[in-house]
Amino acid sequence: YTILFWGNKVVHKDQFYLSERQVFGRIQTVTLIPGDGIGPEISTAVMKIFEAAKAPIQWEERNVTAIKGPGGRWMIPPEAKESMNKNKIGLKGPLKTPIAAGHPSMNLLLRKTFDLYANVRPCVSIEGYKTPYTDVDLVTIRENTEGEYSGIEHLIVDGVVQSIKLITEDASRRIAEYAFEYARNNQRTSVTAVHKANIMRMSDGLFLRKCREVAENFKDVKFTEMYLDTVCLNMVQDPSHFDVLVMPNLYGDILSDLCAGLIGGLGVTPSGNIGANGVAIFESVHGTAPDIAGKDLANPTALLLSAVMMLRHMGLHGHAKKIETACFDTIRDEKVLTKDLGGNAKCSEFTADICRRVQDMD
Amino acid sequence: MHTTVMMAALTKALKPILGRHLGNTAKGQIIPPPAKYGGRHTVALIPGDGIGPELLNHVRELFRFSCVPVDFEVVHVNSSSTSEDDINNAIMAIRRNGVALKGNIETNHTMPPNHKSRNNLLRTSLDLFANMMHCQSLPGVQTRHKNIDIIIIRENTEGEYSSLEHESVPGVVESLKIITRNNSLRIADYAFKLAREKGRRRVTAVHKANIMKLADGLFLQCCKEVASGYPDIEFDSMIVDNTTMQLVSKPQQFDVMLMPNLYGNVVSNVCAGLVGGPGLVPGANYGRDYAVFETATRNTGKSIANRNIANPTAMLLASCLMLDHLKLHDYANMIRGAILTTMNETRLHTADIGGQGTTSEVVQSIMRIIQSGGPLTTEI
């Protein structure tokens with residue numbers, strides 16, 4: 001028999017996976033940012049599961065703690081930036097924002113550095129993790145650069161503050177295009193623009209106009225518009241009506257967290273940030289949980305599902321399906337669950353169970 | 001570039017400080033006396049669009065049947081006309097009567113920006129600064145969450161709804177969110193007074209001050225200042241995205257919630273959805289001198305208009321709130337009791353809460369309960 005080289009390992013020909021479109025030897029490198037608190041342990045868990053699934057991913061670990069660059073401006077370390085620009089795909093754990101460090105939020109810095117304009121959060125009900133809502137299957141796509149979070153505020157007179165919400169044509173068109181392309185690539189049937197144009201006529205009106213224009217080029221995807229309050233009202237009564245939602249920054253923030261709450265919270269919600277120039281960073285959106293850091297109690301589900309999202313983004317659908325199914329099976333079985341999911345297993349046990357299921361699938 | 005914007009914001013901010021009287025006499029208007037003749041009150045009625053007219057007809061029918069001493073002055077507002085005469089007439093009627101009951105007036109958002117939302121115009125002209133909504137789980141309605149009892153107080157005049165927008169460069173639109181110290185103190189004061197009056201334990205301020213540091217920061221600071229004057233009531237704050245997440249998982253933890261305009265819109269709709277939908281919750285808008293009552297989620301309901309399937313509960317409960325405001329407590333309690341009996345005991349529900357009753361059947365049932373329990377009424 002033939003001996004092949006897969007990366008730097010020697011494997012038997014029959015063990016070689018030909019199920020992917022990837023030509024053999026093509027392992028993709030992904031920048032891994034473990035983060036703080038429980039970040040390192042959940043990153044290790046994800047790496048273990050990926051190894052068990054034999055995913056063609058090689059990890060490059062980097063640290064993104066802000067440093068002061070020349071000129072006094074805070075920036076992310078050049079090695080991290082270089083690595084991201086080279087690999088284009090990143091996976092990030094939770095980052096803490098120290099209060100007195102003087103530098104802005106790390107997430108904000110990353111967003112600005114790589115122009116991460118779209119935040120995508122697919123929310124699917126997890127069987128086995130009971131919430132009052134059982135039939136959620138929607139995606140929120142949020143414009144991430146402007147809108148209400150532009151940070152432009154002024155004190156006009158003592159006691160009167162004005163905060164500016166900025167909506168531009170380019171950003172609105174870009175996010176609308178991404179939303180429709182996402183819908184097309186992931187076999188979603190409709191895209192709904194969420195707005196408040198009855199009150200904010202010009203700004204949300206501009207956003208809506210751009211969405212309508214882009215919808216013209218994507219006739220295979222149904223386009224609807226809905227007021228923010230109507231969406232909120234209907235979402236808590238019957239979330240099955242919604243498919244893909246696209247919206248400006250603030251509404252996106254509120255709605256994506258609302259949808260995360262419907263499926264069980266930030267501990268099980270994946271999230272991806274898409275940037276210009278093909279950069280994409282997938283992350284877990286929960287906090288660093290310093291009280292359980294280092295105690296092997298963390299739940300790696302959020303980071304794992306984000307990593308699965310990443311695999312899908314890279315076209316590795318087979319591996320993505322395998323890992324996702326294993327994860328959902330473990331949760332549905334309810335035998336080995338971490339504390340926040342209602343069980344009392346350790347993180348390593350949970351991870352081991354998923355790895356076992358992944359390996360059994362082969 | 002910013003001077004005109006600043007002036008607009010300045011005028012807006014100083015209006016409540018200058019006071020209604022100064023503002024009015026400056027324009028040469030006389031303030032009419034409140035309308036109460038011969039023991040009967042007159043209330044302005046604005047039918048609005050969609051399901052508004054039919055529901056308000058039911059309210060009138062019910063009031064006539066129960067011999068409630070309230071007369072309605074009906075003012076129609078045509079939502080498709082571009083002139084502001086209609087809405088100004090309505091505002092004048094409300095100034096004359098002091099109290100109004102209204103349906104939602106539709107806003108066509110494809111019209112140009114100078115065509116403002118009529119509802120918003122009404123709220124800001126009359127300075128109805130507080131929107132109050134009481135969400136309670138009703139035992140007869142099937143919902144995913146039980147035992148919800150939240151009072152939501154929302155600042156009604158400023159914030160993101162200032163309608164101050166401009167296109168500084170083609171393709172770039174700026175919309176201003178104004179937060180003033182006076183309005184924030186005023187709404188916080190209202191919230192704490194109401195909490196104390198109703199015996200509530202805790203007030204939660206909802207904000208996004210980690211991102212909008214100056215604007216929501218000012219709001220939060222004002223709330224904290226007012227809270228220090230009410231040591232018997234606990235005060236805490238929560239960021240709006242966390243709030244929505246908590247609301248869909250554990251809504252029972254909230255007591256009284258206080259927030260600026262836009263977050264109020266989101267949170268009130270989420271809460272209305274949690275207790276059973278837009279057809280069940282009434283809302284009230286209070287100003288210093290006026291009060292306007294309507295459904296809490298302000299839906300026009302175009303798709304269900306004139307089909308006799310709309311849920312009249314929200315509008316009828318709003319009319320009870322109005323009767324309470326007019327100090328006609330006996331009538332208010334009688335009608336409210338009949339509505340809740342129909343909802344919880346008779347279980348006659350309309351389609352939006354999973355039943356098959358029509359609007360008129362529900363109203364008939366309420367009238368029957370009032371007749372069987374109470375004083376002389378007219379013929380059904």
Side-chain angles (χ1 to χ4, degrees), chain A residues 97 105 131-133 148-170 195-208 225 227-238 250-251 253-262 264-266, chain B residues 2 5-6 9-10 13 107 109-113 115-117 120 144-145 160-161 163 165-167 170-182 208 211-218 240-242 244-249 262-263 265-266 268-270 272-274 277-278 297-299:
Chain A
T97 303
S105 136
T131 57
Y133 300 90
E148 297 81 348
Y149 293 2
S150 47
I152 312 169
E153 294 184 297
H154 316 285
L155 182 71
I156 305 179
V157 192
D158 192 23
V160 180
V161 174
Q162 114 188 342
S163 171
I164 296 189
K165 162 179 166 163
L166 201 66
I167 299 276
T168 57
E169 231 179 73
D170 292 332
H195 64 98
K196 255 211 106 45
N198 50 349
I199 303 289
M200 289 180 258
R201 202 68 57 77
M202 277 175 97
S203 33
D204 283 352
L206 175 61
F207 179 79
L208 267 188
E225 304 166 6
Y227 288 138
L228 173 66
D229 38 11
T230 316
V231 172
C232 288
L233 193 56
N234 293 339
M235 183 77 76
V236 292
Q237 293 183 280
D238 192 3
L250 176 68
Y251 314 149
D253 193 6
I254 300 176
L255 273 182
S256 57
D257 276 3
L258 180 68
C259 297
L262 295 176
L266 297 179
Chain B
H2 275 294
V5 161
M6 271 174 62
L10 197 60
T107 308
H109 62 261
T110 52
M111 298 269 246
H115 182 262
K116 296 193 168 47
S117 156
N120 204 20
R144 289 184 174 92
H145 306 269
E160 297 83 350
Y161 287 35
S163 303
E165 297 178 295
H166 53 270
E167 191 162 359
V172 176
V173 175
E174 287 185 349
S175 170
L176 303 181
K177 162 180 168 162
I178 312 282
I179 299 273
T180 57
R181 201 178 153 69
N182 283 321
K208 190 87 191 164
I211 305 285
M212 290 188 252
K213 299 189 169 74
L214 282 186
D216 284 350
L218 176 61
V240 62
D241 40 12
N242 190 17
T244 47
M245 229 186 314
Q246 298 292 326
L247 274 171
V248 290
S249 42
L262 185 68
Y263 311 145
N265 189 322
V266 172
S268 55
N269 276 278
V270 170
L274 291 174
T297 46
R298 302 171 178 164
N299 301 95

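Each chain gets a letter, A, B and so on, in the order the sequences are listed, and its residues count up from 1. Just so it is clear, the model here is predicted, and its values are computed rather than measured.
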I want to check something: taking the side chain as every heavy atom from C-beta on, are [X] and [Y] in contact at a cut-off of under 4.5 Å?
X	Y	answer
A:Val160	B:Ile178	yes
B:Leu247	A:Val236	no
B:Ser117	A:Asn198	no
B:Glu160	A:Met200	yes

Using the ring of each side chain (for Trp, its six-membered ring), is A:Tyr227 parallel, tilted or perpendicular to B:His109, with breaks at 30° and 60°?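 If you compare the ring of A:Tyr227 with that of B:His109, the planes turn out perpendicular.
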
How long is the span from the [atom1] atom in [X] to the [atom2] atom in [Y], to the nearest 0.5 Å?
X	Y	atom1	atom2	result
B:Leu176	A:Glu153	CG	CD	12.0 Å
A:Ile254	B:Asn265	CD1	CG	9.5 Å
A:Asp253	B:Asp241	CG	CG	4.0 Å
A:Ser163	B:Ile211	OG	CD1	10.5 Å
B:Glu167	A:Glu169	CD	CD	7.5 Å

With a 3.5 Å distance limit and no angle check, can you tell me whether A:Arg201 reaches the backbone of B:Pro112 through a side-chain donor-acceptor pair?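 Present.
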
Check each atom of [X] against the heavy atoms of chain B and say whether the ones under 4.5 Å are side chain, backbone, both or neither.
X	answer
A:Leu266	both
A:Ile199	both
A:Leu206	side chain
A:Phe207	neither
A:Ser203	both
A:Leu255	neither

For the interface with chain A, which of [options] has the highest count of heavy-atom pairs at distances below 4.5 Å?
options	result
B:Ile179, B:Leu274, B:Asp216	B:Ile179
B:Arg181, B:Glu165, B:Met245	B:Glu165
B:Pro278, B:Gly217, B:Ser249	B:Pro278

Only counting residues at least two apart or in another chain, list the ones meeting ring-ring contact (aromatic ring centres under 6.0 Å, His included) with B:His115. none

Quick check for you: among A:Leu262, A:Asp170, A:Thr168, which has the greatest number of heavy-atom pairs under 4.5 Å with chain B? A:Thr168

Can you list everything that forms a salt bridge (Lys or Arg N to Asp or Glu O under 4.0 Å) with A:Asp229? Sequence neighbours excluded, please.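 So A:Asp229 forms a salt bridge (Lys or Arg N to Asp or Glu O under 4.0 Å) with A:Lys196.
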
Heavy-atom pair of closest approach, residues [X] and [Y]:
X	Y	answer
B:Asn269	A:Leu233	O-CD1, 3.3 Å
B:Tyr263	A:Leu250	CE2-CD2, 4.0 Å
A:Gln237	B:Arg144	O-NH1, 2.8 Å

